[in-house]
There are 2 protein chains.
Amino acid sequence: MATRIVEPEAGPRSKRAAILAAAVDCFGETSFEATKWSTVAERVGIGQTALYHYFESKTHCLLTIMRLELQRSHDKFTEATEDVTDPTEALRAAIRAAYDVSDHEVLQMRILHNHMDLLSGPRKSKREEAERVEARKLVQLVERDWMNLLVRGMSMGVFPLRDAQLLGASVLGLIVSVWRWYRPSGPTPLSEIGELIEGACVRMVAT
Amino acid sequence: MATRIVEPEAGPRSKRAAILAAAVDCFGETSFEATKWSTVAERVGIGQTALYHYFESKTHCLLTIMRLELQRSHDKFTEATEDVTDPTEALRAAIRAAYDVSDHEVLQMRILHNHMDLLSGPRKSKREEAERVEARKLVQLVERDWMNLLVRGMSMGVFPLRDAQLLGASVLGLIVSVWRWYRPSGPTPLSEIGELIEGACVRMVAT
DNA sequence: GATCAACCTGAGTTCAGTTCAATTCGGTGA
DNA sequence: TCACCGAATTGAACTGAACTCAGGTTGATC
């Protein structure tokens, strides 16, 4: 059932990847609304209209970036937790994985969480809507990832019983809230932030 | 120093308040980007161009809504905590106050937190920039509100010593993360959400 | 070296946001 | 009572960034 969108296979002279990378830089640093679509084209070294060979619209590109980031987040969660049986350790591993990211991925996170509201309403065009629907599915997947982790801990008696859905959403909300203000150039290194959040989440869930 | 922007005094036939109310409804339900500025005008019952008598631009209106909401949040925090000496009780009171809001205020929260990124970059026009600067000040004020609460608890020995700035930002992030997904029509009543978050924050801070 | 699809372009269209010049409204003071 | 003034409003025109279209290149494959 959970069918991934097939990434258009890269013809050897495809600039899709380059466009996505440039768009992440622009949208992440300047904001989606404020960056001109034509600026992205310039950076890649093609005319504005060539963009429409790869993406149906500026928004379609944004939605693609968001979906890819969600896919990455989900995969990383799975990878980090699959071999960890102890729930508290799994929680810690998941959080450490969440903050083990490159600068480029930080931008993707920022873009994703600054435009979550895009995922609620339907889109007019086909391909945009496809990306949106897929992204929404992934959001729910990620939410379930965290909830399941809590449910497991609760049923094993390691975590006190609480509304796992609500608590999961809270943990997730706490973790991703960092991406709204964190800047790699800022005073606090990400590792330090991660450690504080890790502690906070464990107290929140396991106390 | 902290000089509030003087609200343009309402001439008796001013439609400013009506425009703000309509804009909150539109921006909150349909999203800022997707609602046409002219739709707001329609709702109020005036021509599109009349809007420019009150606001310099669509964005200027948005920034005003955001500033007003921030002002409200700060005032409410102060009011809820000023008479409470016990830090844990003050924390609880602040959180309860944060979730003691009308449906209209829920929309304002949603709008505010969906467009926080607007506050980082400077604006081109004067009045927009004034609102932006004022809003940023208020953001820092609110952040300091929470941080000070934690600092007080820590120095009184009630809360374990931790990075109060980071922890404050986290608490705040957790609390406001709710506004991204909460809908008054949803299955979980706000009171229940508030209670869970209240517990979570106390564990996070006081354990 | 013909063919075909992927890739690209310049010129032109659209549309929401915005500007402008001109007009109406309603309270105030002579 | 009426002239006046600023607040409030308007229709018509402008702007600029997203997007469309009709066609042109490129280069891998046969």
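Chain naming here is simple, since letters A, B, ... match the order of the sequence lines and numbering starts at 1 in each.
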task = Rounded off to whole Å, could you give me the CZ-to-C1' distance for the A:Arg123 and D:dA18 pair?
result = 13 Å
request  = Please confirm whether any donor atom in the side chain of B:Ser38 sits under 3.5 Å from an acceptor in the base of C:dG17, or the reverse.
outcome  = no
ask   = Taking it one step at a time, do B:Arg123 and B:His60 satisfy side-chain contact (heavy atoms from CB on, under 4.5 Å)?
value = CA-CA 10 Å; B:Arg123 306 255 95 214; B:His60 178 225; over 6 Å; no
query = With a 6.0 Å cut-off on ring centres, are B:Trp179 and B:Tyr99 close enough?
reply = yes
ask   = For B:Phe55 and C:dG17, what is the distance between atoms CZ and C1' respectively, to the nearest whole Å?
value = 16 Å
key: Cation-pi check, B:Lys15 onto B:Tyr54 ring (under 6.0 Å, within 45° of axis)   = no
ask   = B:Gln48 has an atom CD; how far is it from atom P of C:dA16, in whole Å?
value = 9 Å
query = For A:Lys15 and C:dA6, is the shortest distance between a side-chain N/O and OP1 or OP2 below 4.0 Å?
reply = no
request  = Would you mind telling me which of C:dG26, D:dA17, D:dT10 lies closest to the side-chain atoms of B:Arg13?
outcome  = C:dG26
query = How long is the line joining NE2 of A:His60 and C1' of D:dC19, in whole Å?
reply = 15 Å
remark   = B:Tyr52 OH to C:dG17 P, in whole Å, measures 7 Å
message = Could you tell me how far apart A:Lys36 (NZ) and D:dT15 (C1') are, to the nearest whole angstrom?
response = 12 Å
request  = Give the rounded distance in Å between these two atoms: CZ of A:Arg16 and C1' of C:dC8.
outcome  = 17 Å
query = Is the number of heavy atoms from other residues, nucleotides or ligands within 6.0 Å of CD (A:Glu56) greater than 12?
reply = yes
task = Quick one: label A:Thr35 by what it contacts on the DNA or RNA (base, sugar-phosphate, nothing), any heavy atom closer than 4.0 Å.
result = sugar-phosphate
query = At under 4.0 Å, does any side-chain N or O of A:His53 touch on OP1 or OP2 of C:dC7?
reply = yes
ask   = Is the number of heavy atoms from other residues, nucleotides or ligands under 6.0 Å of B:Glu79 CD greater than 12?
value = no
Distance, rounded to the nearest Å, where B:Lys124 contributes NZ and C:dG17 contributes P = 17 Å
ask   = Is the distance from OP1 or OP2 of C:dA6 to the nearest side-chain N or O of A:Tyr54 less than 4.0 Å?
value = no
